[in-house]
J.: 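Pasting a structure below so you can have a look.
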Amino acid sequence: MSIPATPSPTPSGDDRNLVRVDETYVAPGFEDKLRIFWEKNSKTVTAVCVVVLVGIIAKGGWELLQAQKEKGIAADYAAAGADSAKLKAFASSHEGHALAGASYLQLADEAYAAGKFAEAAGHYEKAGANLKEGPFAGRIRLGLAVSKLQSGSTADAEATLKTLANEVGLLKAVRAEAAYHLATIAAGAGKTDEVTKLADQIMTIDPQGTWSQRAMMLRATLPAADNAAAAPAAAPAGEKKDEATPAVSFKPGGE
């Protein structure tokens with residue numbers, strides 16, 4: 001019987017795939033790594049660069065086209081001038097543009113000055129649709145409200161005027177004028193206390209403004225209700241009636 005050969009001890013590790021490193025071996029530097037990367041990815045990098053470059057060129061071309069378009073629109077608006085027919089045509093063909101809003105605002109102001117309040121209201125509405133923000137937005141809303149007021153839509157106009165008068169972010173002149181129109185409505189209805197309250201609000205909003213002066217003049221025209229209430233009763237027969245003290249009426253400017 002043959003005796004099997006004693007197996008050799010199992011090596012601690014498999015060294016069959018190990019490569020002996022020459023003592024003179026030097027690890028690749030940054031330039032070598034960059035060269036290797038470029039050799040492997042040059043086509044991809046080039047393609048990405050081309051796409052980016054095309055995007056930049058396209059963006060620049062679009063911006064140039066838009067700038068030329070805006071320049072043309074501005075030129076058309078300037079050519080319309082104060083011609084109502086041309087302004088209407090321009091605004092109609094450039095709906096959504098700020099200059100269309102400016103055209104409608106100009107048309108609205110002209111219609112209001114001519115006493116065409118319903119027409120003015122229509123133009124103010126279109127102006128507001130094209131100029132929803134910015135310095136003219138508040139004035140457009142005010143013009144629309146006053147036009148409705150003049151054309152007989154008092155309830156709708158009054159609601160808008162109240163909103164404008166109390167909207168802190170608006171221009172002082174817009175808020176003060178809105179409050180003044182409310183005061184005139186109250187005066188027409190004989191609501192003396194409301195007129196006084198609104199006049200005080202106007203002078204708080206813009207003390208040195210034109211509407212404060214008008215509010216003071218409006219308040220000065222109110223009937224002296226307090227004086228009438230405090231008037232003495234008629235004296236009995238044979239008694240001498242005291243002379244009533246004349247009411248003092250304040251008129252701005254000493255007029």
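All residue numbers in this chain count up from 1 along the given sequence.
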J.: Does Leu131 belong to the same Ile/Leu/Val/Met/Phe/Trp/Tyr cluster as Tyr112, with side-chain heavy atoms less than 4.5 Å apart forming each link?
T.: yes

J.: By the side-chain hydrogen bond (donor to acceptor under 3.5 Å, both in side chains) test, which pairs, at least two apart or in different chains, include something from residues 127-140?
T.: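 Output for this query lists Glu95-Asn130, Asp109-Arg139.
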
J.: Name every donor-acceptor pair, under 3.5 Å, that has one atom in a side chain of residues 177-187 and the other anywhere in the protein, sequence neighbours excluded.
T.:
unit_1 : atom_1 : unit_2 : atom_2 : d
Glu177 : OE2    : His181 : NE2    : 3.2
Thr184 : OG1    : His181 : O      : 2.6

J.: In terms of hydrophobic clustering (I, L, V, M, F, W, Y; side-chain heavy atoms under 4.5 Å; direct or indirect links), are Phe136 and Leu87 co-clustered?
T.: no

J.: Side chains of Trp211 and Ile205: closer than 4.5 Å at any heavy-atom pair?
T.: no

J.: Could you tell me which non-hydrogen atom of Ala91 sits nearest to which non-hydrogen atom of Ser103, and how far apart they are?
T.: CB-CB, 3.9 Å

J.: Ser212 side chain to Gln208 main-chain N or O, any donor-acceptor pair under 3.5 Å?
T.: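 Not at all, since once roles are kept as given, no pair shorter than 3.5 Å links the two residues.
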
J.: Phe90: what forms a ring pair (Phe, Tyr, Trp, His ring centres under 6.0 Å) with it, not counting sequence neighbours?
T.: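 Ring pair (Phe, Tyr, Trp, His ring centres under 6.0 Å) check on Phe90 returns Tyr77, His94.
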
J.: Could you tell me the separation between the CG atom of Leu161 and the CG atom of Leu142, rounded to the nearest 0.5 Å?
T.: 6.5 Å

J.: Would you compute the distance between atom NE2 of His123 and atom CD of Glu125 and round it to the nearest 0.5 angstrom?
T.: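 Here the rounded value is 11.0 Å.
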
J.: Where do Glu110 and Ser84 come nearest, in terms of heavy atoms and distance?
T.: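 Minimum heavy-atom contact is OE1-OG, 3.0 Å.
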
J.: Check whether any side-chain heavy atom of Leu107 sits under 4.5 Å from a side-chain heavy atom of Lys126, and report yes or no.
T.: no

J.: Supply the atom-to-atom distance Ile202 CD1 to Arg214 CZ, rounded to the nearest 0.5 angstrom.
T.: 11.0 Å

J.: Where do Lys162 and Asn166 come nearest, in terms of heavy atoms and distance?
T.: O-ND2, 2.8 Å

J.: State yes or no: are the ring centers of Tyr104 and Tyr124 separated by less than 6.0 Å?
T.: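 No, the ring of Tyr104 stays outside the 6.0 Å limit from the ring of Tyr124, centre to centre.
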
J.: Is there a side-chain contact between Thr160 and Leu144 (heavy atoms, below 4.5 Å)?
T.: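 They are not in side-chain contact.
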
J.: Using modelled atom types only, decide if a donor and an acceptor are shared between the side chain of Ser92 and the backbone of Lys88 within a distance under 3.5 Å.
T.: no

J.: Before you tell me yes or no, could you show the steps for Arg175 and Asp206 under salt bridge (charged side-chain N to carboxylate O under 4.0 Å, His left out), namely the whole-Å CA-CA distance, both residues' side-chain angles and the distance that decides it to 0.1 Å?
T.: CA-CA 9 Å; Arg175 294 183 61 204; Asp206 191 9; over 6 Å; no

J.: Can you confirm whether Phe117 is buried at CZ, in the sense that more than 12 heavy atoms of other residues, nucleotides or ligands lie under 6.0 Å from that atom?
T.: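 Check passes, neighbour count above 12.
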
J.: Side-chain contact test, heavy atoms from C-beta onward, threshold under 4.5 Å: evaluate it for Leu218 versus Leu198 and give yes or no.
T.: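 They are not in contact (no side-chain heavy atoms under 4.5 Å apart), so the answer is no.
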
